[in-house]
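What follows is a set of notes on a single structure, which appears directly below.
In this text the structure is predicted, and so the values were computed from the model without any measurement. Naming: A, B, ... by sequence-line order, numbering from 1 per chain.
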There are 2 protein chains.
Amino acid sequence: MTHMLLSPTPAEVNEFADAYMRGMRSKDNVLVVVGCCCVEYVGRARSMLGWGGRVVIVKSDGSVLVHQKVGGAPVNWQPPDTLVRYRTEAGNGISLFVIYSYRLKPPEKMYVRFKTVDMVSAHRLRDDRTLRIMGAESDIVDRIMGDPGVIEEGLRITDREKQTRSGAIDLFGVDRDHIPVIIEIKRSQPTPSAVLQLKAYVLDHQHRHTGAVRVRGILCAPSMPVMIRTLLTENKLEWRVFKCEFEQVDDAQSTLEEFT
Amino acid sequence: MTHMLLSPTPAEVNEFADAYMRGMRSKDNVLVVVGCCCVEYVGRARSMLGWGGRVVIVKSDGSVLVHQKVGGAPVNWQPPDTLVRYRTEAGNGISLFVIYSYRLKPPEKMYVRFKTVDMVSAHRLRDDRTLRIMGAESDIVDRIMGDPGVIEEGLRITDREKQTRSGAIDLFGVDRDHIPVIIEIKRSQPTPSAVLQLKAYVLDHQHRHTGAVRVRGILCAPSMPVMIRTLLTENKLEWRVFKCEFEQVDDAQSTLEEFT
DNA sequence: CGTGCCAGGTGCCGT
DNA sequence: ACGGCACTTGGCACG
């Protein structure tokens, strides 16, 4: 089901949007509006965006996305569960089509005002599939639990998501010399705060086991910037560069050839 | 400029996409494709998404966004500066329209394969406006610098973004008793890592000024969960609940009435 | 260009 | 509902 209008009047867009996006039957519908609009947002912050051509998507779950011609992220938006209403407004002589969205917690509202609409379309999307993803942090933790040797020979993992006062330790275990080991895993390049986190876990563990001679802390990440290594060393912590391979050899070359 | 096709064949979409999205003249153009597709992504992670109706946006800066009928975030995407190519593929008997995108750093590729296209449209977006936003963390810092009394009577701010070994202190000053004060500001609910950050700043400052009798650390955020208060207290740190007001009175009531 | 860090972060899963 | 945290985080500012 696809319906659309080219260069509609504000009143026509308004009628169109109401027809396809209101009521229970519109549950699977998505509205796409392309035209010259300005955006006003007030809520956790406040923002203004002047007149310009944008693509706006409204989903029946209440999501509203305003996209400029550049950028991977929407310039303005409302999350799901937002109330959306369509209306026309009289703005000094000319008529405007307005997408008004509002939610209570936190109180936030957004106005998208169109002075011209190039195209509006409504689409019924049939889709029951969910994304299946590999390579999340939990997958890396899985991988290490299944084969602790990738971190260190003789390592034995005893706990996962072990709770401490300062937060949850990703992996907890003992090395070949029975010394406790705390492992913090990052799927992307670690920041100094990851070092602080690990240090806090180690200190917390030492505090709770006053008798323990030593606790090791290992930061495990796909890359390890020099500054991070310095911070780790200063804090008597260790690191392992560990990258899970989801794609084998870098096929950049062969792929690039496809772009000729 | 808006061009579109309803229920085009894969070959027609391919030709359409190439016509409007290739070359320098397409700099301001955006492509919208609505249809039944599946998505394959390989890069920092790997993902698969089965067949279903989606809205796909391709921008001329290389951004690609795949949106399902629900959710505020794209289910799959490529950021700006991605290379995008269009092609047709023969998949067991039927022909497919494929949006293929690729980038080098990090190496990531995504295939969006359409088995049917309900609508494809191309739009020239004229837009030179940028978002003007109020209420960012820097605005809150501005506010406190302009009137330190909102944090504490007699407080005097001396430094902003003061660099330390562990990172940059948002605000640095002295209280009415000339005791140094380190202030960490969060615009949203703070996490334990904010406490660790603040503690690191305080320790670093004490380390550099071995003679200093005392340094105060204050975490300043719009809300302060119990666990955070506990952590702060344990670490001899303080907190202020401080919320900047960008919208005056909560006009939820009057606004809700508009929804009747 | 790498590095660090804020974001109207969003989304997910836990209690 | 609130809290805690990962994310293909994205985006920006700075060395």
Side-chain angles (χ1 to χ4, degrees), chain A residues 39 41-47 63 65 70-82 103 105-110 130-131 133-141 161 163 166-168 170 185-194 197 222-223 225-228 231 246-247, chain B residues 39 41-47 63-66 70-82 101 103 105-110 130-131 133-141 161 163 166-168 170 184-194 197 222-228 231 244 246-247:
Chain A
V39 187
Y41 155 80
V42 181
R44 286 166 291 179
R46 180 192 285 260
S47 77
S63 315
L65 306 164
V70 291
V75 62
N76 277 112
W77 71 94
Q78 288 279 42
D81 299 320
T82 303
R103 64 174 179 151
K105 288 184 358 181
E108 292 190 299
K109 59 186 174 183
M110 181 173 74
T130 55
L131 188 72
I133 196 166
M134 294 153 287
E137 189 187 82
S138 62
D139 295 316
I140 300 175
V141 174
E161 289 294 309
Q163 291 298 325
S166 323
D170 288 332
I185 291 160
K186 291 295 167 199
R187 79 167 311 288
S188 48
Q189 186 173 277
T191 63
S193 76
Q197 235 180 92
S223 68
V226 176
M227 175 53 70
I228 301 298
L231 278 174
F246 300 98
E247 175 179 25
Chain B
V39 187
Y41 156 79
V42 181
R44 287 166 290 181
R46 179 193 285 260
S47 77
S63 314
V64 186
L65 306 163
V66 182
V70 291
V75 62
N76 277 114
W77 72 93
Q78 288 278 42
D81 300 321
T82 302
S101 54
R103 64 173 180 152
K105 289 185 355 184
E108 291 189 302
K109 58 187 175 183
M110 181 174 74
T130 55
L131 187 73
I133 196 164
M134 294 154 288
E137 189 188 83
S138 62
D139 295 315
I140 301 175
V141 175
E161 289 295 308
Q163 290 298 325
S166 324
D170 287 333
E184 172 66 23
I185 291 161
K186 291 294 165 200
R187 79 165 314 287
S188 48
Q189 185 173 277
T191 63
S193 76
Q197 228 181 100
S223 69
M224 205 67 62
V226 176
M227 175 52 70
I228 300 297
L231 275 175
C244 246
F246 301 96
E247 175 178 27

If the [atom1] atom of [N] is compared with that of [M], how far apart are they to the nearest Å?
N	M	atom1	result
dG4(C)	dG8(C)	P	22 Å
dA7(C)	dG11(C)	C1'	14 Å
dT8(D)	dG4(D)	P	23 Å

Query raised in the report: Does any N or O in the side chain of D139(B) come within less than 3.5 Å of the main-chain N or O of M134(B), such that one atom is a donor and the other an acceptor?
Result: no

Query raised in the report: Donor-acceptor pair, R187(A) side chain versus G135(A) backbone, under 3.5 Å?
Result: yes

How about [X] and [Y]: do any of their side-chain heavy atoms sit closer than 4.5 Å?
X	Y	value
P80(A)	S63(A)	yes
P225(B)	P190(B)	yes
T82(B)	E108(B)	no

For [X] and [Y], work out which heavy atoms get closest and say how close.
X	Y	answer
S101(B)	V64(B)	CB-CG2, 4.1 Å
D81(A)	R103(A)	O-CB, 4.3 Å
N76(B)	L131(A)	OD1-CD1, 3.3 Å

Query raised in the report: Closer to the 5' end of DNA chain C via nearest nucleotide, is it V226(A) or Q197(B)?
Result: V226(A)

Requested in this report: For G71(B) and for I228(A), find the nucleotide of DNA chain C with the closest heavy atom, then tell me which residue's nucleotide is more 5'.
Outcome: I228(A)

Give one of base, sugar-phosphate or nothing for [X], where a contact means two heavy atoms less than 4.0 Å apart.
X	value
Q189(A)	sugar-phosphate
P80(B)	sugar-phosphate
E161(A)	nothing
P192(A)	sugar-phosphate
P79(B)	nothing

Query raised in the report: Of A168(A) and Y41(B), whose nearest nucleotide on DNA chain D comes first from the 5' end?
Result: A168(A)

Report task. Hey, which sits more toward the 5' end of DNA chain D by its nearest nucleotide, A73(A) or S166(A)? Result -> S166(A)

Query raised in the report: Does anyone know the first and last nucleotide of DNA chain C in reach of chain A, 5' to 3', at under 4.0 angstrom to a heavy atom?
Result: dT3(C) to dG11(C)

Report summary line: chain A reaches DNA chain D, atoms under 4.0 Å from its heavy atoms, from dA1(D) to dG11(D)

**Report entry** Any residue meeting side chain to side chain contact (heavy atoms under 4.5 Å, CB included) with S138(A), in chain and number order, not counting sequence neighbours
**Finding:** A136(A), R160(A)

